[in-house]
Amino acid sequence: MATRLRLHSFIKTAALAVALLAISLGVNAQTWYIMGEYIWSPPNPQGTFEVTHYQAEDVEINGMEYHTVYIQGQGVLLGAYRNEDNQVYYCKWNGNTYDDETLLYDYDLEEGDFFNDDDEHPMQVTEVSTITDNNGIERKMLTFSFIGLPEETEFWVEGVGSSKGFVNSGNYTPTDEGAIFHLLCHHVDDDVIYVNPEYDTCDIDEIEENNVENGINIYPNPANDIIKILNINNLSVKKIEITDITGRILMNLGNVEEINVSNLPNGQYFIKIDDGESTVIRKFSVMK
């Protein structure tokens with residue numbers, strides 16, 4: 001999965017530096033832009049997709065105030081977090097209520113310290129360094145390895161989160177839906193605070209695909225009831241799946257030319273078209 005990331009500095013004009021440091025630590029609205037990779041046939045990714053996590057309303061859990069985190073476009077509640085000194089605590093939303101609080105980040109860790117000691121593969125800090133964010137502010141960076149998984153690494157940037165996405169800290173295996181995530185960049189309000197040095201952009205308006213160009217298109221997009229599949233090269237389709245942006249399968253179909261999506265709520269989705277040898281993934285929106 002992830003490889004050791006090289007440390008670069010991204011420095012833009014420093015403006016209101018002290019204020020930006022304050023909001024980066026959780027005072028103002030925050031947004032995390034994330035790229036995901038489908039790995040239905042490991043180890044080679046079968047396509048990429050984008051996800052936006054954003055901070056929304058505050059909630060009270062067990063007498064303490066938390067900031068909720070949602071998936072943008074879907075309105076899916078992921079959980080809620082709170083900051084306490086240099087620690088971040090998180091309560092995952094299980095669909096009905098919030099789970100018990102867990103420690104999501106501890107930015108006080110130093111080289112050699114362990115995190116998630118109770119896990120099968122705990123994380124160990126291998127390097128502590130300092131980076132300069134896009135506003136000229138220095139931030140602590142922690143690089144981790146996973147015990148028993150020598151190729152697996154992760155890094156945290158203080159006030160930003162994990163290289164695997166804010167709520168994915170410590171995830172050393174793909175999700176149940178067959179996807180892995182990579183943080184692209186982090187916004188506070190309208191300011192780009194941090195850009196992952198592995199990527200050269202914070203623009204994720206267009207999905208990047210790692211698929212064979214085989215002439216499959218879908219229309220209309222956005223759709224409100226029916227999506228039609230244009231199979232220009234008469235590909236022999238074996239299976240079609242519709243998933244949400246987390247990779248959860250919503251429909252499992254055979255070789256069809258039209259799909260009724262009228263029961264799907266407004267938002268972004270993916271259609272996965274498999275011919276038995278290759279897979280095409282297309283993004284579409286439902287808008288009623």
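We count residues from 1, following the sequence as given.
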- Between H67 and D58, what is the shortest heavy-atom contact and its length?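 Scanning both residues, the minimum pair turns out to be ND1-OD1, 2.7 Å.
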
[X]/[Y] ion pair, N-O < 4.0 Å:
X    : Y    : result
D274 : K238 : no
K140 : E110 : yes
E241 : R248 : no

Find out whether [X] and [Y] are in side-chain contact, i.e. whether some heavy atom of one side chain is under 4.5 Å from a heavy atom of the other.
X    : Y    : answer
I259 : I226 : no
N134 : I193 : no
E154 : M123 : yes
W156 : V125 : no
Y269 : V286 : yes
L264 : D244 : no
Y194 : L183 : yes
I271 : I240 : yes

- How far apart are the C-alpha atoms of F144 and E127, what are their side-chain angles, what is the distance that settles it, and do they pass the side chain to side chain contact (heavy atoms under 4.5 Å, CB included) test? CA-CA 7 Å; F144 294 87; E127 183 180 356; over 6 Å; no

According to a hydrophobic-cluster definition based on side-chain heavy atoms being under 4.5 Å apart (Ile, Leu, Val, Met, Phe, Trp, Tyr only), do [X] and [Y] belong together?
X    : Y    : answer
V160 : V128 : yes
L253 : F284 : yes
L103 : I147 : no
I273 : V256 : yes
L142 : L149 : yes

- Indicate, with yes or no, if the rings of F166 and H53 have centres closer together than 6.0 Å.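 Ring centres of H53 and F166 not closer than 6.0 Å.
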
- Aromatic centroids of Y107 and Y105 separated by under 6.0 Å: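 Distance test on ring centres: under 6.0 Å, yes.
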
We want to know whether [X] and [Y] form a side-chain donor-acceptor pair, criterion being a heavy-atom distance below 3.5 angstrom.
X    : Y    : value
D113 : Q124 : no
E57  : Y70  : yes
W32  : Q30  : no
Y81  : Q55  : yes
T132 : E138 : no

To the nearest 0.5 Å, what is the distance between [atom1] on [X] and [atom2] on [Y]?
X    : Y    : atom1 : atom2 : value
I34  : T52  : CD1   : OG1   : 8.0 Å
N196 : H186 : CG    : NE2   : 13.0 Å
Y90  : Y98  : OH    : OH    : 9.0 Å
N116 : S169 : CG    : OG    : 6.5 Å
E101 : C91  : CD    : SG    : 5.0 Å
F181 : N168 : CZ    : CG    : 6.0 Å

Looking at [Y], is its backbone amide N or carbonyl O close enough to the side chain of [X] to form a donor-acceptor pair, meaning the two atoms are under 3.5 Å apart?
X    : Y    : result
D133 : G136 : yes
N94  : T97  : yes
S163 : F155 : yes
R139 : E158 : yes
D85  : Q87  : no
E258 : I229 : no

- Task: Applying side chain to side chain contact (heavy atoms under 4.5 Å, CB included), run through R82 and E84 and close with a yes or a no.
- Result: CA-CA 7 Å; R82 68 180 181 90; E84 183 176 309; 2.7 Å; yes

- Task: For side chain to side chain contact (heavy atoms under 4.5 Å, CB included), just list the numbers for I180 and H182, CA-CA rounded to whole Å, side-chain angles, deciding distance to a tenth of an Å, and then say yes or no.
- Result: CA-CA 7 Å; I180 56 177; H182 312 279; 3.8 Å; yes

- Message: Before you tell me yes or no, could you show the steps for V195 and L184 under side chain to side chain contact (heavy atoms under 4.5 Å, CB included), namely the whole-Å CA-CA distance, both residues' side-chain angles and the distance that decides it to 0.1 Å?
- Response: CA-CA 6 Å; V195 178; L184 294 182; over 6 Å; no

- Query: Is the count of non-hydrogen atoms from other residues, nucleotides or ligands lying under 6.0 Å from D117 atom CG greater than 12?
  - Reply: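 Atom CG in D117 is packed in, count exceeds 12.
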
